[in-house]
Amino acid sequence: MTIPYHFDVTRTAASLSEEFAHLEPGTETTQVVAVAGRVMLRRVQGKLAFATLQDSSGRVQLFAPSASTPRFDDFAALSIGDWVGVTGEVMTTRRGELSVRVDTWELLAATRRSFPDKWHGLADVDTRYRQRYLDLWVSEEARATALTRARVLSLTRRWLEDRGFVEVETPVFHPIPGGATARPFTTHHQALDIDLYLRIAPELYLKRLVVGGLERVFELARVFRNEGLSTRHNPEFTMLELYQAYADYTDVMALVEELVAHLAIEVCGTTVLTYDGRALDLTPPWRRATMVELIEEHTGVRVSLATPLEELRRVCETHGVVVETAWGPGKLVLELYEKTTEAQLWGPVFVCDYPQEVSPLARDHRSEPGMVERFEAIVAGRELANAFSELADPDEQRRRFAEQAAQRAGGDAEAMVVDEDYLRALEYGLPPTGGLGIGMDRLVMLLTGTTTIRDVILFPTLRPEQTE
RNA sequence: GCGCCUCUAGCUCAAUGGCAGAGCAACGGACUCUUAAUCCGCAGGUUCUGGGUUCGAAUCCCAGGGGGCGCACCA
């Protein structure tokens, strides 16, 4: 039997069950359709065969009487997992099951391997991740999650474009890793004979574009961080970054809560969700609270950057935070927040105003000395977004880079590297700008109710299989 | 990187120191309204790998490998 090069599909399974939902048992519609997909179930009864065809939209039954089905014996012998194309009349059986009668059919691909158990599917998560092509057939949730992810990205693009944002693509290879503090992957370009880094964030290039006059830009950027794996971390993941000229971080807060609420309504039909067994109300406006307020709520201690260092260290130690002598007040406050408070937050909440010491790309707070205008959005106990009023002053940026360089010299492999070209761009003038990063994988987790990032990434990073 | 758990047929799982098994899938057969069809038959194994203890190891011990979870790391 030769495999055709082409098959004309006229209908999906889902469109048939939608259009013909209410046919009486024993109906013949005279409507001839062509469907294609994989045989996922098969019930042969001698001179009559039933098969369940599954395509990317859903399932529909195939009805094959030996009297009218060409090559009936071959059809009845199809294996679970074989691809077929079928044309025939839409009908219902005596029992009322919507079916396509097999008037003509073609084998489109045979499976040489047995499909997973038709009832239990795949339980081994390793197999599900490594052989996602099977998981997608066997697990309704896997398919639904993949489609939801696509929809979230598409809706995000449309929502931003409706607000005048332009989608751009910036380099994945960076001569200098920048825009975040994280360990990069390195690679080498042979012809140029230089080391390059896979980007840890697109931030510095996107802000160059704002300097270039693209006043509202965004990128759905695959970024790469050479760090640990967990249910919330994959070495490559997708980050939405956007920059809006003439805006500050309060404008960005409004944007974040509106975008997330919009996606929740489109995907879940509501902004009132349950995640991991807990209620989560994404209805705007979200709570806004400063970091020091939240620390006080959770520890009972009011600290500030003006608190004497010795006292800050003592507060940290009484709360089980191991401190290093090189840390300044900003780092101490941040550590105190992360160790005592962040894990307790459920949100949604905008945690506002971070120490300048730990935020080298954010602009000084307009009224809080030593602080910058930065927030993180904590949603369902996870950091979902990070944003700030962007630092535009090249002299101040140079000073911040120098601080980072000193930390790097002191052994901090994640401290930033001075980027002279970025400073040159700032010297041409960056207008007041609000910037944002959202972890799209975590957002999809939220909207699909999944609790491991590997469920929202089709091919998560795994150790390679031993091939021997 | 550390700790705990786990790995048996293509898939889902039994066998808890005493003959490696079942269901589904595959393969052969019966069956003209099934719905995880049913019935009969057949075949399927480096029990993750290597060592050890034992009369005897899927089972106990050691080492290694894969995976999961937690910790650490992590804008």
Side-chain angles (χ1 to χ4, degrees), chain A residues 25-26 39-52 59-69 72 76-82 91-99 101 110-131 134-135 137-138 179-183 200-201 203 223 225-235 237 239 241 322 334 337-339 342 351 354-355 358-362 374-378 382-388 413-414 416 435-439 442 451-452 454 460 462-468:
Chain A
V39 172
M40 295 304 282
L41 294 171
R42 205 195 43 169
R43 299 171 289 279
V44 179
Q45 304 216 168
K47 298 282 183 287
L48 180 63
F50 302 87
T52 299
R59 293 179 164 200
V60 68
Q61 180 169 265
L62 302 176
F63 177 81
S66 62
S68 64
T69 302
F72 175 80
L78 286 169
S79 291
I80 288 178
D82 285 344
M91 51 158 289
T92 52
T93 61
R94 280 179 214 158
R95 299 286 281 270
E97 180 78 16
L98 180 68
S99 307
R101 193 184 59 221
T111 178
R112 296 192 193 182
R113 292 175 182 260
S114 292
F115 259 52
D117 188 285
K118 61 191 177 189
W119 188 245
H120 298 100
L122 283 174
D124 180 9
V125 292
D126 185 38
T127 307
R128 291 186 44 221
Y129 299 148
R130 289 189 198 278
Q131 299 182 244
L134 280 183
D135 189 33
W137 281 103
V138 159
T181 53
R183 217 160 82 189
I200 54 177
E203 172 152 354
V223 298
R225 297 186 182 179
N226 204 343
E227 285 156 1
L229 292 79
S230 80
T231 51
R232 291 185 278 287
H233 300 86
N234 197 63
F237 62 102
M239 188 147 78
E241 280 206 11
V322 182
L334 180 71
Y337 161 74
E338 288 185 347
K339 294 291 187 299
E342 190 177 34
V351 182
Y354 279 61
V358 296
S359 312
L361 300 170
R374 168 182 170 187
F375 72 81
E376 286 191 0
I378 301 293
R382 294 161 166 78
E383 179 203 333
L384 183 74
N386 182 28
F388 26 90
E414 283 160 359
M416 290 183 186
L436 166 69
I438 292 184
R442 291 180 183 178
T451 54
T452 164
R454 287 184 273 259
L462 299 173
R463 209 178 292 269
E465 280 180 288
Q466 300 278 75
T467 51
E468 204 176 323

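So that the names make sense, note that chain A is the first sequence line, chain B the second, and so on, each numbered from 1.
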Checklist entry - For A/Arg130, which of A/Thr127, A/Asp126, A/Leu134 qualifies under side-chain contact (heavy atoms from CB on, under 4.5 Å)? => result A/Asp126
Checklist entry - Do other residues, nucleotides or ligands put more than 12 heavy atoms under 6.0 Å from the CZ atom of A/Arg382? => result yes
Item to check | From A/Glu383 atom CD to A/Ile438 atom CD1, the distance as rounded to the nearest 0.5 Å | outcome: 11.0 Å
Checklist entry - Rounded to the nearest 0.5 Å, how far does CG of A/Leu436 lie from CD of A/Glu203? => result 10.5 Å
Next on the checklist: Let me spell it out: for each of A/Leu78 and A/Thr127, pick the nucleotide of RNA chain B with the closest heavy atom. Which residue's pick is nearer the 5' end?
Outcome noted: A/Thr127
Checklist outcome for this item: Of A/Ala123 and A/Thr452, the one whose closest nucleotide on RNA chain B sits nearer the 5' end is A/Ala123
So what's [N] paired with, Watson-Crick or G-U wobble, going by both distances under 3.5 Å?
| N | value |
| --- | --- |
| B/G45 | none |
| B/G56 | none |
| B/G50 | B/C62 |
| B/C11 | B/G23 |
| B/C71 | B/G1 |

Out of [options], whichever nucleotide has its closest atom nearest the side chain of [X]:
| X | options | answer |
| --- | --- | --- |
| A/Thr231 | B/C74, B/C69, B/C33 | B/C69 |
| A/His233 | B/U35, B/C33, B/C74 | B/C74 |
| A/Tyr129 | B/C69, B/G68, B/U35 | B/G68 |
| A/Leu462 | B/G66, B/U32, B/G68 | B/G68 |
| A/Phe50 | B/G67, B/C33, B/U35 | B/C33 |

Item to check | C1'-based separation of B/G70 from B/G41 [nearest Å] | outcome: 50 Å
Item to check | Euclidean distance for P, B/G52 against B/G45 (whole angstrom) | outcome: 26 Å
Could you tell me the separation between the [atom1] atom of [X] and the [atom2] atom of [N], rounded to a whole number of Å?
| X | N | atom1 | atom2 | answer |
| --- | --- | --- | --- | --- |
| A/Leu62 | B/U35 | CG | C1' | 13 Å |
| A/Arg130 | B/G65 | CZ | C1' | 11 Å |
| A/Arg183 | B/G1 | CZ | C1' | 11 Å |
| A/Asp82 | B/A25 | CG | P | 14 Å |
| A/Asp126 | B/G65 | CG | C1' | 12 Å |
| A/Arg112 | B/C11 | CZ | C1' | 20 Å |
| A/Leu229 | B/G66 | CG | C1' | 14 Å |
| A/Glu227 | B/C74 | CD | P | 7 Å |

Please check if the side chain of [X] supplies one atom and the backbone of [Y] the other of a donor-acceptor pair under 3.5 Å.
| X | Y | value |
| --- | --- | --- |
| A/Arg442 | A/Arg232 | yes |
| A/Ser79 | A/Gly81 | no |
| A/Glu241 | A/Gly435 | no |
| A/Thr52 | A/Gln61 | no |

N or O in side chain of [X] less than 4.0 angstrom from [N] OP1/OP2:
| X | N | value |
| --- | --- | --- |
| A/Thr111 | B/A25 | no |
| A/Arg454 | B/G68 | yes |
| A/Arg463 | B/G67 | yes |

Checklist outcome for this item: ring-ring contact (aromatic ring centres under 6.0 Å, His included) filter on A/Phe50, not counting sequence neighbours, yields A/Phe63
What does [X] touch in the nucleic acid at a heavy-atom separation under 4.0 angstrom: a base, only the sugar-phosphate, or nothing?
| X | answer |
| --- | --- |
| A/Leu122 | sugar-phosphate |
| A/Phe388 | base |
| A/Gly121 | sugar-phosphate |
| A/Phe63 | base |

Contact list (N/O, under 3.5 angstrom) for nucleotides 36-42 of chain B vs protein:
unit_1	atom_1	unit_2	atom_2	d
B/A36	N6	A/Trp119	NE1	3.4
B/A37	OP1	A/Lys118	NZ	2.5
B/A37	OP2	A/Arg43	NH1	3.0
B/A37	N6	A/Val44	O	2.9

